[in-house]
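Atoms considered below: every heavy atom in the structure, side chains included; atoms not considered: hydrogens, waters and symmetry mates. Each residue takes its place number in the sequence, starting with 1.
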Amino acid sequence: MTISNQLWEANQDIAHACLLHPFVEGIAYGTLPSAKFAYYVGQDAFFLEAFARAYSVAAAKAPDWEAFVTFHDLAGGVLQELRLHEGYATKWGVDLRSVQPGATTRHYTDFLLATAWGGDVGLIATAMSPCMRLYAFLGEKLAENGIGEHQYTDWIRTYSSSDFLSLVQQLESLVDRFATASTPAHSTYRYAMLCEQEFFQAAWQFGE
């Protein structure tokens with residue numbers, strides 16, 4: 001089993017807790033209150049900017065050209081996600097330039113950027129992988145029985161798409177190339193998974 005698969009399998013408890021979270025279930029059925037999604041969009045846009053920066057730092061640290069190019073391709077994928085969020089922001093009346101990050105968002109972005117600046121390429125990829133793999137998992141599960149037409153259909157289509165899965169696989173290939181199945185890798189991966197779970201909880205709790 002690859003390192004990326006080991007890490008993912010070791011955190012199935014959090015993955016399934018996220019799938020069953022009322023925020024995610026609300027997206028699945030189109031019943032999530034729009035204010036909660038609007039809060040999430042603003043916070044996620046702030047997070048994605050930090051995510052793109054972390055990819056750029058990782059690219060600068062990449063030991064070979066192939067890894068450098070892959071990290072830059074992945075940063076390009078984040079820019080596509082941000083464009084999706086801009087569309088959401090227009091629809092829900094969110095000014096992305098004026099968003100102030102909540103404590104949960106700041107904890108996550110601080111962790112990612114600290115790992116990017118202080119860690120090696122393998123640990124950076126490990127810290128970033130849970131976000132990508134979890135969203136592909138959620139997208140796949142929410143699209144399993146067909147995607148209904150409602151206000152969150154585009155979200156499900158994006159994260160269940162083959163294009164997004166390709167980005168996930170690119171990032172996990174970097175984990176498998178450069179990470180080691182060490183205690184720091186396991187703790188870093190799990191912390192990022194917990195941050196994802198807390199991110200949904202914050203959107204559910206504070207999006208009013």
Problem - Partner set under side-chain contact (heavy atoms from CB on, under 4.5 Å) for Ser173, not counting sequence neighbours - result: none
Exercise for the section: Please check if Phe46 and Leu82 belong to a single hydrophobic cluster, counting links between Ile, Leu, Val, Met, Phe, Trp and Tyr side chain heavy atoms closer than 4.5 Å. Expected result: no
Handout entry: Pair Tyr159-Glu81, side-chain donor/acceptor within less than 3.5 Å
Key = yes
Fill in the blank from the handout: To the nearest 0.5 Å, atom CD1 of Ile124 lies from atom CG of Leu171 at 11.0 Å
Exercise for the section: On the 0 to 90° scale, with breaks at 30° and 60°, tag the Phe37-Phe23 ring pair as parallel, tilted or perpendicular. Expected result: parallel
Practice task
Any chance you could pull the hydrophobic cluster mates of Phe68, using side-chain heavy atoms under 4.5 angstrom and chaining through other members?
Solution key: Trp65, Val69
Handout entry: For Glu198, salt bridge (charged side-chain N to carboxylate O under 4.0 Å, His left out) partners two or more places apart
Key = none
Handout entry: Nearest-0.5 Å distance, CD of residue Gln169 to CZ of residue Phe164
Key = 11.0 Å
Can you give each donor-acceptor pair under 3.5 Å made by side-chain atoms of residues 109-122, sequence neighbours left out, with the distance rounded to 0.1 Å?
from: Thr109; atom 1: OG1; to: Thr105; atom 2: O; distance (Å): 3.2
from: Thr109; atom 1: OG1; to: Arg106; atom 2: O; distance (Å): 3.2
from: Thr115; atom 1: OG1; to: Phe111; atom 2: O; distance (Å): 2.8
from: Asp120; atom 1: OD1; to: Gly122; atom 2: N; distance (Å): 3.2
from: Asp120; atom 1: OD1; to: Leu123; atom 2: N; distance (Å): 2.8

Exercise for the section: Find the distance between CD (Glu9) and OG (Ser4) and round it off to the nearest 0.5 Å. Expected result: 10.0 Å
Exercise for the section: Look at the side-chain heavy atoms of Ile, Leu, Val, Met, Phe, Trp and Tyr, link any pair under 4.5 Å apart, and say whether Leu79 and Phe51 land in one connected group. Expected result: yes
Exercise for the section: Check for a donor-acceptor pair, side chain of Gln43 on one end and backbone N or O of Phe199 on the other, with a separation under 3.5 Å. Expected result: no
Practice task
Working to the nearest 0.5 Å, report the span between CG of Asp176 and CG of Asn5.
Solution key: 7.0 Å
Problem - Side-chain (Thr153) to main-chain (His150) donor-acceptor, under 3.5 angstrom - result: yes
Completion exercise
All heavy atoms of Ile27 vs all of Ile156, minimum pair found to be O-CD1, 3.8 Å
Practice task
Indicate yes or no for a side-chain donor-acceptor contact from Asp64 to the backbone of Ala67 under 3.5 Å, with no hydrogens or angles considered.
Solution key: yes
Output side-chain donor-acceptor pairs under 3.5 Å for residues 127-140, partner residues at least two apart or in another chain, one line each.
from: Arg133; atom 1: NE; to: Glu172; atom 2: OE2; distance (Å): 2.9
from: Arg133; atom 1: NH2; to: Glu172; atom 2: OE1; distance (Å): 2.9
from: Tyr135; atom 1: OH; to: Tyr40; atom 2: OH; distance (Å): 2.9

Fill in the blank from the handout: CZ (Arg53) and CG (Leu48) are apart, to the nearest 0.5 Å, by 12.5 Å
Handout entry: Taking every non-hydrogen atom, the tightest pair across Ala179 and Thr126
Key = CB-OG1, 3.5 Å
Handout entry: N/O donor-acceptor pair under 3.5 Å between Lys36 side chain and Ala203 backbone
Key = no
Exercise for the section: Taking the side chain as every heavy atom from C-beta outward, state whether Phe200 and Trp204 have any atom pair closer than 4.5 Å. Expected result: no
Problem - More than 12 heavy atoms from other groups under 6.0 Å of NE2 on His21 - result: yes
Exercise for the section: Determine which pairs satisfy salt bridge (Lys or Arg N to Asp or Glu O under 4.0 Å) with at least one residue from residues 10-20, sequence neighbours left out, and list them in order. Expected result: Asp13-Arg190
Handout entry: side-chain hydrogen bond (donor to acceptor under 3.5 Å, both in side chains) partners for Glu149, two or more places apart
Key = Arg157
Handout entry: Heavy-atom check, side chain of Val78 versus side chain of Leu74, under 4.5 Å
Key = no
Exercise for the section: Please examine the side chains of Val41 and Val99, heavy atoms only from C-beta on, and report whether any two atoms are closer than 4.5 Å. Expected result: no
Handout entry: salt bridge (Lys or Arg N to Asp or Glu O under 4.0 Å) partners of residues 15-28, not counting sequence neighbours, each pair once
Key = none
Handout entry: Tyr152 side chain vs Leu32 backbone, donor-acceptor pair below 3.5 Å
Key = yes
Practice task
Side-chain contact test, heavy atoms from C-beta onward, threshold under 4.5 Å: evaluate it for Met193 versus Trp8 and give yes or no.
Solution key: yes
Handout entry: Results of side-chain contact (heavy atoms from CB on, under 4.5 Å) for Ala75 - residues two or more places apart only
Key = Tyr55
Problem - Any residue meeting side-chain hydrogen bond (donor to acceptor under 3.5 Å, both in side chains) with Glu66, in chain and number order, not counting sequence neighbours - result: none
Practice task
Identify the two heavy atoms, one from Tyr39 and one from Gly102, that lie closest to each other, and give their separation to 0.1 Å.
Solution key: OH-CA, 4.2 Å
Problem - Minimum side-chain heavy-atom gap Leu142-Leu19 below 4.5 Å - result: yes
Fill in the blank from the handout: To the nearest 0.5 Å, atom OG1 of Thr104 lies from atom CD of Glu196 at 11.5 Å
Fill in the blank from the handout: Those residues at least two apart in sequence (or on a different chain) that pass side-chain contact (heavy atoms from CB on, under 4.5 Å) with Glu86 are Arg83, Leu96
Problem - All side-chain contact (heavy atoms from CB on, under 4.5 Å) counterparts of Gln6, not counting sequence neighbours - result: Met1, Ala181
Problem - Smallest separation among heavy atoms of Pro63 and Phe178, with atom names - result: CG-CE2, 3.4 Å
